[in-house]
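Working notes, beginning with the structure itself.
These numbers come from a predicted model, not from an experiment. The analysis underlying the following values was restricted to heavy atoms, covering all of them including side chains, and did not include hydrogens, waters or symmetry mates. Indexing begins at 1, ligand by ligand and atom by atom, following the structure's order.
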Amino acid sequence: MHFQVADQIDAFRAEVRDFLRKNLPADLAMRFQKMRAAPADLLRWQRILNANGWGGPYWPKAHGGTGWTVQERLVFDEECSIAGAPSPDIFAHKLIGPALNHFGTPEQKARHAGGIIRGDSLWCQGFSEPGSGSDLASLRTAAVLQDDHYVVNGQKIWTSYAHQSDWIFMLVRTDPTVKKQAGITMLLADMKSPGITVRPILSIDGRHHLNEVFIEDLRIPVSNRVGEEGDGWKITKFLLNNEHASAAELHVLQGYLRRLKQLATEWGTGTEPLIARPNFALQLARFEAEVNAIAMMVSRVAAMEQAGNLSPEAHALGCMLKVRATELQQSMSLFLVESSGDCGAIAYPTDHGTPPKLAYPFQEVVGGIASEAFFRRASTIYGGSSEVQRGIASSLLFQF
Ligand SMILES: Cc1cc2nc3c(=O)[nH]c(=O)nc-3n(C[C@H](O)[C@H](O)[C@H](O)COP(=O)(O)OP(=O)(O)OC[C@H]3O[C@@H](n4cnc5c(N)ncnc54)[C@H](O)[C@@H]3O)c2cc1C
């Protein structure tokens with residue numbers, strides 16, 4: 001891993017800040033971070049980034065990206081979070097985009113990977129099924145080849161933002177007779193296709209972001225297959241290996257730390273600010289140390305992922321990072337709730353409807369935090385549950 005010298009990274013940070021100051025429209029900038037911007041806002045922001053040549057902030061230059069280093073990407077995410085810029089569509093930028101760049105046909109690259117950069121479309125991930133989450137390879141959604149189309153039947157579940165997406169990348173079983181991993185294929189489908197029905201699942205955070213996706217006699221052209229038939233598991237491993245560093249969501253942890261520091265001095269009881277309380281100050285110091293430790297680990301894991309390091313050590317580190325960072329997301333968001341007294345306990349999502357008016361500094365600093373703390377309960381489940389990550393890491397450690 002190579003860290004850039006401080007001057008270089010400071011200059012890059014100044015460039016990003018300057019860009020955000022000049023180009024982030026006021027109505028897109030969120031005073032406190034929404035969990036996810038509205039689809040039209042996401043695409044609008046993507047087009048603004050692309051007009052500046054920053055449409056692929058996580059991709060190499062060869063694939064139409066910025067070619068930024070790991071540190072530059074982390075600085076970009078942090079500065080966007082501070083400015084309140086919409087977070088990118090991670091399913092597009094971090095999952096299917098890199099997979100298409102690696103395994104896609106020239107047509108898929110031009111239309112879909114290019115479309116992600118241009119801000120043409122939003123994507124969702126159709127992997128999990130009822131009964132097939134951690135044991136993903138047991139999935140049952142079946143695709144049968146008929147002439148130049150696959151006819152697909154089955155069901156997906158927990159499909160984040162399916163109701164707001166233009167396209168879905170899904171895993172289907174094309175051969176039930178071989179070893180379960182070998183019979184899986186990845187297909188791309190237009191969400192407007194006949195045969196796709198999306199039903200909402202409302203979650204404990206009060207939001208609608210999860211869905212069930214029912215698939216009935218959906219016809220997908222063979223040209224929408226990624227890789228060869230039976231390549232689905234190989235592509236999935238590639239795609240999920242790219243996910244560990246981003247699953248840590250370092251910019252979210254950094255945001256929690258900023259908000260805690262703001263509360264520390266701007267809120268308290270009587271004339272005493274929160275920071276004067278030894279228990280609060282100690283916990284804040286612990287969180288700062290932990291966020292810094294995660295930042296170092298993210299840099300290390302991201303550098304390994306970027307270099308295509310598929311060693312057991314890299315994989316185990318990625319699993320450990322996912323576990324530790326998501327646990328920290330939970331404890332920090334909960335501490336924010338606890339530190340905000342009555343105002344923190346008002347649970348409302350920031351991306352649905354009009355938030356209630358709270359007195360300063362609550363609206364700005366902890367608006368929606370109870371809803372977010374509820375959402376974070378799921379962070380140790382999605383992207384691979386903590387139990388499963390621990391199991392993988394421990395089995396890999398014996399291979400060192
Ligand atoms: C908020 C949220 C968003 C999501 N978004 C998407 C999405 O966009 N697309 C998508 O495809 N999926 C999505 N998922 C699904 C997610 O990937 C699965 O929930 C996850 O993989 C766990 O699978 P499961 O829910 O079937 O639980 P199960 O696999 O049934 O696990 C149940 C429990 O058993 C434990 N367990 C399972 N296997 C083992 C093992 N081998 N060792 C030890 N413990 C084990 C688990 O840790 C868990 O505690 C999302 C989930 C959530 C909560």
Side-chain angles (χ1 to χ4, degrees), residues 35-36 39 42 87-97 99 122-141 152 154-173 180-181 184-189 191 196 198-215 226 232-233 235-237 239-244 246-247 249 252 316 319-320 322-323 326-327 329-330 333 349 351-352 371-396:
M35 296 299 292
R36 166 135 151 163
L42 269 178
S87 298
D89 170 7
I90 55 149
F91 300 106
H93 283 269
K94 302 223 170 146
L95 296 178
I96 190 61
L122 299 174
W123 286 79
C124 61
Q125 176 188 18
F127 282 16
S128 304
E129 297 182 4
S132 302
S134 304
D135 182 15
L136 185 58
S138 68
L139 63 90
R140 284 173 301 175
T141 294
V152 186
Q155 187 200 334
K156 299 292 173 181
I157 194 167
W158 312 121
T159 321
S160 302
Y161 305 108
H163 59 305
Q164 298 178 339
S165 296
D166 304 292
W167 285 82
I168 184 170
F169 55 100
M170 63 167 92
L171 294 178
V172 295
R173 185 158 303 285
K180 58 184 182 178
Q181 286 83 355
I184 295 173
T185 299
M186 184 179 285
L187 300 176
L188 313 175
M191 287 299 285
I196 296 187
V198 178
R199 288 200 199 137
I201 302 173
L202 298 183
S203 43
I204 191 174
D205 54 7
R207 301 164 62 226
H208 169 205
H209 51 101
L210 296 169
N211 301 277
E212 293 178 289
V213 178
F214 296 89
I215 302 163
V226 186
W233 196 249
I235 300 169
T236 300
K237 283 206 294 189
L239 176 151
L240 297 181
N241 269 337
N242 275 331
E243 203 185 8
H244 288 124
S246 28
E249 294 187 283
V252 169
C319 293
M320 289 190 268
K322 188 341 173 128
V323 171
T326 49
E327 283 174 351
Q329 288 169 16
Q330 293 180 343
S333 56
D351 46 6
H352 285 21
S371 168
E372 186 160 342
F374 280 133
F375 170 75
R376 293 290 161 198
R377 304 309 304 162
S379 62
T380 47
I381 302 172
Y382 59 73
S385 76
S386 288
E387 291 81 4
V388 169
Q389 301 292 331
R390 284 194 174 94
I392 297 171
S394 62
S395 68
L396 289 165

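- Sorted pairs that involve residues 162-173 and meet salt bridge (charged side-chain N to carboxylate O under 4.0 Å, His left out), not counting sequence neighbours, are lacking altogether.
- Ligand 1 has Phe91 within reach: a non-hydrogen atom of the residue lies less than 4.0 Å from it.
- Between Leu239 and Phe127, some side-chain heavy-atom pair lies under the 4.5 Å cut-off.
- Atom 6 (C) of ligand 1 is flagged as protein-proximal [any protein heavy atom, distance under 4.0 Å].
- Comparing heavy-atom distances from atom 44 (N) of ligand 1 across Glu387, Gln389, His209 singles out Glu387 as nearest.
- Inside a 4.0 Å radius of atom 34 (O) of ligand 1 there is not any protein heavy atom.
- Of the polar atoms of Gly384, none of the N or O atoms is found under 3.5 Å from an N or O of ligand 1, judged by distance alone.
- The distance criterion of under 3.5 Å between nitrogen or oxygen atoms is met by Ser160 with respect to ligand 1.
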ask   = Please walk me through it: do Trp123 and Tyr161 pass side chain to side chain contact (heavy atoms under 4.5 Å, CB included)?
value = CA-CA 8 Å; Trp123 286 79; Tyr161 305 108; over 6 Å; no

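- Closest heavy-atom approach to atom 28 (P) of ligand 1 among the candidates Gly126, Gly133, Ser134: Ser134.
- Counting heavy-atom neighbours within 6.0 Å of Trp233 CH2, excluding the residue itself, gives a total above 12.
- Applying the salt bridge (charged side-chain N to carboxylate O under 4.0 Å, His left out) rule to pairs touching residues 381-395 yields Glu327-Arg390, sequence neighbours excluded.
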